[in-house]
2 protein chains.
Amino acid sequence: MHNVSQEDYLKRILLLEQAEPGQSVSMGALAGSLSVAPASVTGMVKTLVRRNWVDYEPYVGVRLTDEGRGQAMRVLRRHRLIELFLVRTLDMDWSLVHKEAEAIEHVVSDDLLERIDAFLGYPTVDPHGDPIPDARLRITSNDSECLADCEAGRRLCVARIIDQDSDFLQYIEKVGLKPGTNLKVVSRDDGGQVMEVRLQRGGSTMLAFTAASRVLVESRD
Amino acid sequence: MHNVSQEDYLKRILLLEQAEPGQSVSMGALAGSLSVAPASVTGMVKTLVRRNWVDYEPYVGVRLTDEGRGQAMRVLRRHRLIELFLVRTLDMDWSLVHKEAEAIEHVVSDDLLERIDAFLGYPTVDPHGDPIPDARLRITSNDSECLADCEAGRRLCVARIIDQDSDFLQYIEKVGLKPGTNLKVVSRDDGGQVMEVRLQRGGSTMLAFTAASRVLVESRD
DNA sequence: TCCAGGTTTTAGGGATAACTAAAAATACCA
DNA sequence: TGGTATTTTTAGTTATCCCTAAAACCTGGA
């Protein structure tokens with residue numbers, strides 16, 4: 001990405017806030033996440049402050065204002081509807097639509113987005129399992145938990161993959177952990193991120209699964 | 001439009017060249033067509049010259065180089081495929097997709113465009129009847145003529161509407177002159193632009209039709 | 001032929017977003 | 001508490017693409 005728009009900054013701040021609730025977002029995190037120099041972030045944040053979209057405390061970080069959060073949610077909505085639209089119409093791999101949506105999300109008109117929303121039947125989650133804000137920017141709450149926190153023996157259903165990284169998504173695809181997949185935790189390594197699960201679908205496959213903290217699941221009984 | 005990209009300039013030069021074959025495109029025509037000040041055009045044209053995309057003679061005008069024409073055709077291809085894609089998938093009115101495509105055409109990846117092309121079955125004309133360059137930028141030639149030039153009594157098939165103007169397209173839609181519509185010339189006013197045609201579809205409707213020069217047709221017997 | 005009017009170019013700025021390098025502030029550790 | 005290391009900000013440029021105003025250039029009529 002070479003030129004990052006104000007919308008990109010807002011969306012990224014929202015995602016980073018969600019990843020670390022209650023914390024303000026540091027300039028460094030933003031810069032790294034957007035592949036931009038820290039100095040560029042300082043400059044852009046000043047613009048966002050002028051627009052009343054973020055509160056900013058020098059040397060500490062930024063937080064979205066209500067207005068800024070609204071803007072960010074709008075971008076997120078566009079992003080996720082476009083992803084789903086591409087998956088549905090062109091049968092594209094859900095690990096590949098992210099970059100396309102990232103570009104298109106900034107140029108679709110409200111009218112077009114409305115039509116896409118209607119075409120898709122007003123969905124509440126996108127292909128990654130991430131929630132899609134509705135036209136009034138409300139999110140259908142889901143009470144999922146982190147796969148890393150689930151005890152051995154539990155039966156679960158994959159609800160959501162918290163990651164936009166293409167490599168990770170392709171890995172997820174390969175091992176068959178799409179949203180909707182049923183699975184059972186066979187054992188887990190409490191040390192942290194390595195976990196062994198058995199998939200229920202198509203016979204019992206064993207697999208070691210790293211980065212379980214990036215997968216959200218729902219109880220299945 | 002507030003910021004016009006180099007791609008927009010190239011595409012517009014191509015369209016203006018096609019409208020007036022053999023002529024070079026004047027700065028004024030470009031400026032008017034892109035809703036930009038003449039001084040802005042002079043500046044941008046210098047950039048395009050540096051990139052070897054146009055030949056430019058001061059106080060005369062610009063012409064696309066072969067390389068520039070290739071670039072412009074690529075943009076045109078993207079534009080028309082996207083228009084058709086929106087019409088097909090979202091059942092959008094073909095008089096309304098132009099503006100959307102205008103924005104999206106600059107951000108779709110080659111991969112996505114390939115998929116859209118395949119999804120549409122490698123079409124050769126867009127919803128307006130305009131030819132779509134194929135992946136190698138070739139156009140399927142069609143030997144259509146201008147409705148304004150056709151004598152009374154001829155049976156014709158609408159091949160193409162040469163116009164991006166939303167009002168005109170909606171008028172065309174209203175009187176039922178989509179590409180593919182069969183019609184017969186009942187009489188014509190040689191004075192110029194007013195012409196009376198009868199549509200074959202659904203009984204014989206009479207209508208006075210202005211701006212016949214903006215409609216291309218093919219012989220029907 | 002010459003001048004008036006239209007067209008095009010030059011000159012000088014403005015907005016957005018990025019960068020590097022250096023200075024300032026903060027955090028951490030001994 | 002002092003000093004180093006990290007983070008953040010400031011300052012100064014760059015690159016795109018826009019504008020207005022004024023100068024330069026062409027063209028056509030008297």
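Letters go in sequence order (proteins before strands), and every chain restarts at 1.
Each of E7(B), K11(B), R78(B) was compared with H106(B) under the side-chain hydrogen bond (donor to acceptor under 3.5 Å, both in side chains) criterion, and only E7(B) meets it.
Taking 4.0 angstrom as the limit, Y9(B) places none of its side-chain polar atoms (N or O) nearer than this to OP1 or OP2 of dT16(D). Put simply, Q6(A) has no side-chain N or O that comes within less than 4.0 Å of OP1 or OP2 on dT16(C).
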(request) Go through the steps to decide whether R12(B) and L30(B) satisfy the test side chain to side chain contact (heavy atoms under 4.5 Å, CB included), and finish with yes or no. (result) CA-CA 7 Å; R12(B) 187 60 50 181; L30(B) 251 184; 3.8 Å; yes
(request) With salt bridge (charged side-chain N to carboxylate O under 4.0 Å, His left out) as the test, would you mind laying out the steps for R80(A) and E105(A) before giving the verdict? (result) CA-CA 9 Å; R80(A) 292 179 174 166; E105(A) 69 191 16; over 6 Å; no
Could you list the donor-acceptor pairs under 3.5 angstrom formed by side chains in residues 117-124 of chain B, with sequence neighbours left out?
residue : atom : partner : partner atom : Å
D117(B) : OD2  : R77(B)  : NH1          : 3.4
D117(B) : OD2  : R77(B)  : NH2          : 3.1

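Nearest-nucleotide mapping onto DNA chain D: of R50(B) and P38(B), the residue sitting toward the 5' end is R50(B).
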Nucleotide N/O to protein N/O under 3.5 Å, stretch nucleotides 22-28 of chain C:
residue : atom : partner : partner atom : Å
dA25(C) : O4'  : Y59(A)  : OH           : 3.4

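When rounded to the nearest whole Å, the span between CG of D8(B) and P of dC17(D) equals 10 Å. Straight-line distance from the CG atom of L10(B) to the C1' atom of dC17(D): 15 Å, rounded to whole Å. Regarding N3(B), its CG atom lies at a distance of 13 Å from the C1' atom of dA15(D), rounded to whole Å.
Listed in residue order, the members of residues 40-49 of chain A having a heavy atom less than 4.0 Å from DNA chain D are T42(A), K46(A).
Side-chain contact annotation: H79(B) with D126(B), donor-acceptor N/O pair under 3.5 Å absent. Looking only at atom types and distance, the side chain of R51(B) has a donor-acceptor partner in the side chain of Q6(B) under 3.5 Å away.
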